[in-house]
Number of protein chains: 2
Amino acid sequence: MELTTEEKIIEAARKIFTQKGFSATRTRDIAEEAGINLALLNYYFRSKQNLFQIIIEEKFDELFGIINPILSNREISLEEKIETLVTNYTNLLLENEDLPFFVLSEIKSNEFIIKRVKQNAEILSQPVIESQLKERGFTTSSFNFIMNIMSLTLFPFMSKPLFVSSGLIKEEEFARFITERKKDIPTWVMNTLK
Amino acid sequence: MELTTEEKIIEAARKIFTQKGFSATRTRDIAEEAGINLALLNYYFRSKQNLFQIIIEEKFDELFGIINPILSNREISLEEKIETLVTNYTNLLLENEDLPFFVLSEIKSNEFIIKRVKQNAEILSQPVIESQLKERGFTTSSFNFIMNIMSLTLFPFMSKPLFVSSGLIKEEEFARFITERKKDIPTWVMNTLK
DNA sequence: TTTTGATTTAAACAAGTGATTAAAACAAAT
DNA sequence: ATTTGTTTTAATCACTTGTTTAAATCAAAA
């Protein structure tokens, strides 16, 4: 492989942290996954917390960086916004199934991320959506609008382990199920507007 | 207080485990919260894992015990089922906001719970729903039906820390927001049927 | 070749954490 | 009052885990 030691560690940290979360991850697991000596991890990143911070910020951007550019653009219609958001999210999450669970669970406990969310509050606060809804005569709040898109799109990934282990859906069918849903969600969301 | 030592420990374990999850919880935290000596915890429950098992099973039942009795009852119409489920869930979760996050996150790693989910597969597998949908001429799958109810109802609780720390909604407004949503979700779900 | 600085390793430290032990305190029964 | 079994405590063990240290290896420069 062509990766530097630093990159190998990051890569391994990405994998283990997103799978198990901060607390359940041991630095030794990361070192082993990266195929390097444990001390190297501290040589390059000083501490577990430090390394984690890099990953959680990266993943936070991955999960929420999508939203604002789309929602805040007045040139894009409501319908297109939903469609684009759902498509982008679905594609992203199919490649990174642990992402929403990981980010949302660490937001609860990570002081730094909480601050960062406060700063990027505009990420989700959407006067543009508010006015687009009003123009079309819809009285639904933009918060409900955003909540519904995210609920219908993210929740299936967060609950996948439940439904797979219950046998209600098989691992191999999941991607197909999600891909079908992707087509329906925009209509469903439009139907929530009144 | 009127609680026995055993109950005090369970109570404390409930609180700390559901807040922080298995890994991030230290037995000393539970002991302190319960106001008892650390050794007592092991005297009564042998191990952290043992105590945890009691809590996770209890919480699992709390979260999923609701579903089957309602969905599998042929006497209850689709509309009533959605309405009842959403109402019950909303009330339950308003009192226990960490519940869905806790249960879903531990399902990923708890071998015993995974087995238990397999056993209670009928919990979610719903031939009754399937036939009720068919009778009404709807072609939507029962899986999508269940997924949509749960997405719209559970996700807001799972993402609450995000939206609160982003400032999009205030802690005090949340219960109100959820209570309003509760009225709308049944209509929204019915509109997903086709 | 020697030197110098960066990289890597093996070993161990220090604190944290789940669990145990042995003795003390307590309560109920005799 | 004494005995007996239960409950509680203080102390400590054994192991895990994040981190450090000091030495070894390597690569590039002089």
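Every chain is numbered from 1 and lettered A, B, ... according to where its sequence line falls, protein lines coming before strand lines. These values consider heavy atoms only, across backbone and side chains, with no hydrogens, waters or symmetry-generated copies.
Atoms CZ (A:F52) and P (D:dT19) sit 13 Å apart, rounded to a whole Å. Put simply, CD1 on B:I36 is 19 Å from P on C:dA25, counting in whole angstrom units. Rounded to a whole Å, the CG atom of B:L40 is 12 Å from the C1' atom of C:dA25.
Under the 4.0 Å criterion applied to side-chain N and carboxylate O atoms, B:E83 and B:K182 are not assigned as salt-bridge partners. Salt-bridge check for A:D184 with A:R181: failed, with every basic side-chain N at 4.0 Å or more from each acidic carboxylate O.
Shown here for B:N42 and B:S47, the closest heavy-atom pair between the two residues is OD1-CA, 3.9 Å.
At a threshold of 4.0 angstrom between heavy atoms, the contacts of A:Y44 are confined to the sugar-phosphate backbone, with no base atom among them.
B:E33 pairs with exactly one of B:R14, B:K15, B:K8 by the side chain to side chain donor-acceptor pair (under 3.5 Å) rule, that one being B:K15.
The main-chain N or O of A:T27 is never found under 3.5 Å from a side-chain atom of A:K48 such that the two would form a donor-acceptor pair.
Between A:T5 and C:dT7 there is no side-chain N or O to OP1 or OP2 distance below 4.0 Å.
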| Full working for side-chain contact (heavy atoms from CB on, under 4.5 Å) between A:Q19 and A:F102 | CA-CA 7 Å; A:Q19 261 173 25; A:F102 173 65; over 6 Å; no
| remark: Once base and sugar-phosphate atoms are separated, protein heavy atoms under 4.0 Å mark nucleotides 12-24 of chain C, 5' to 3', with B, S and - as B----BBBBB---
